Each structure stands twice: as C-alpha cells, then as structure tokens.
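Heads up: the structure comes next, in structure tokens.
Numbering starts at 1 and runs along the sequence shown. Keep in mind the model is a prediction, meaning the values are calculated, not measured.
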Amino acid sequence: VQLQASGGGLVQAGGSLRLSCAASGSTVIRLVIAWFRQAPGKEREFVAGFKSYPSYADSVKGRFTISRDSAKNTVYLQMNSLKPEDTAVYYCAAGTGVITSNMYNGAAYTYWGQGTQVTVSS
C-alpha cells in the first residue's frame with residue numbers, strides 16, 4: 001500500500017485547507033486511515049481517523065472533518081478555522097485490523113505517506 005499526501009500550504013488563521021491522501025495497492029474501504037501531525041519539537045499526535053465512523057482529537061473537533069471517497073480511493077481532511085497551533089507536518093497513515101480503541105496510536109498503522117506541511121500564520 002502506498003499513500004500520497006497533498007494539499008498543505010500556508011494559510012492565515014481562520015482560513016481553511018483540504019488535505020488529500022490518495023491510496024494505491026488497496027482500497028480505502030478495506031483500510032483504517034488516519035491523519036497524524038507533528039509540530040517542531042513535539043511528539044506526533046493523532047488528528048482524525050476513519051474506520052466505521054470518524055474519530056477526532058479533542059483539539060480539532062468541530063473544525064476538522066475526515067471523509068473518504070471510494071471512487072477516487074482517497075481520504076480527505078477538511079480543516080476549517082485553522083489556528084497557529086495547527087501548524088505541523090501532517091501525515092496520513094493506513095492499516096488493517098486497527099481496533100477502534102487503538103486508532104490514536106501511530107504504532108498501530110503499517111503504511112505512512114510522506115507528509116505535507118501546514119503552516120498557519122497569526
């Protein structure tokens with residue numbers, strides 16, 4: 001399975017971006033796909049994931065939306081009301097057999113995309 005993340009960029013606080021994670025080698029329906037992010041000097045953290053239903057970190061609830069398009073074999077992360085603290089490299093990750101309670105753990109995922117930089121200016 002290969003994942004190609006895209007859509008990052010520079011945006012002002014309050015703005016929006018949509019990240020894409022295109023999968024090949026398997027279908028997104030068969031995978032648990034999640035977004036993680038890592039800011040400079042900080043540990044990688046879970047942002048959002050999609051198994052049977054979407055799950056979100058508390059810090060992004062109400063602002064970010066994860067969705068999947070099976071026809072395009074792509075998972076999206078729509079990010080609205082962006083804040084400077086959302087600045088990070090965002091990675092999409094995929095795995096099979098990821099249980100819901102372990103979705104927040106990066107070690108549960110086998111496949112990782114290359115990351116896309118999101119920078120939010122104040």
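- Proximity of V1 to L31: side-chain heavy atoms (C-beta onward) are separated by under 4.5 Å at one or more points.
- Judged purely by distance below 3.5 Å, without hydrogens or angles, the side chains of Q4 and S6 never pair a donor atom with an acceptor atom.
- Nearest heavy atom pair, residue L77 against residue W35, reads CB-NE1, 3.6 Å.
- In terms of hydrophobic clustering, with Ile, Leu, Val, Met, Phe, Trp and Tyr side chains grouped at heavy-atom distances under 4.5 Å, F50 and F46 are assigned to different clusters.
- Minimum heavy-atom separation, R68 to V75: CB-CG2, 3.8 Å.
- In this structure, Y56 contributes its side chain and I66 its backbone to a donor-acceptor pair below 3.5 Å.
- The main-chain N or O of A108 is never found under 3.5 Å from a side-chain atom of N102 such that the two would form a donor-acceptor pair.
- Judged purely by atom type and a 3.5 angstrom limit, T116 uses its side chain to pair as donor or acceptor with the backbone of G8.
- Residues G7 and L17 come closest through the heavy atom pair O-CD2, 3.9 Å.
- A continuous path of hydrophobic side-chain contacts links Y91 to V32 [ILVMFWY only; heavy atoms under 4.5 Å].
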What do the steps show when you test Y104 against S55 for side-chain contact (heavy atoms from CB on, under 4.5 Å), and what is the final call? CA-CA 9 Å; Y104 310 94; S55 298; 4.0 Å; yes
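- The line from OG of S81 to CZ of R63 is 7.0 Å long, rounded to the nearest 0.5 Å.
- Between S59 and R37, the shortest heavy-atom distance links the atoms OG-NH2, 3.5 Å.
- Put simply, the side chain of D69 never gets that close to the backbone of T74: no donor and acceptor are under 3.5 Å apart.
- Counting all heavy atoms, side chain and backbone alike, L3 lies closest to A23 at CD2-CB, 3.8 Å.
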Apply the test side-chain contact (heavy atoms from CB on, under 4.5 Å) to residues M103 and Y109: give CA-CA distance (whole Å), side-chain angles for both, the deciding distance (0.1 Å), then the verdict. CA-CA 8 Å; M103 285 183 64; Y109 297 85; 3.7 Å; yes
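- Side-chain contact annotation: N80 with S16, donor-acceptor N/O pair under 3.5 Å present.
- Residues Y76 and R18 bring no donor and acceptor atom of their side chains to less than 3.5 Å of each other.
- Residues passing the side-chain contact (heavy atoms from CB on, under 4.5 Å) test with V120 are V11, A13, L82, P84, D86, T87, V118, sequence neighbours excluded.
- To the nearest 0.5 Å, atom CG of residue N73 and atom CZ of residue R30 are 11.0 Å apart.
- Taking 4.5 Å as the limit, every side-chain heavy atom of Q38 sits out of range of all side-chain heavy atoms of Y90.
- K83 places no side-chain N or O within 3.5 Å of a backbone atom of G14 that could act as its donor or acceptor partner.
- Hydrophobic clustering of Ile, Leu, Val, Met, Phe, Trp and Tyr side chains at less than 4.5 Å, counting indirect connections, keeps F36 apart from I33.
- More than 12 heavy atoms of other residues, nucleotides or ligands shown are found within 6.0 angstrom of CD on Q114.
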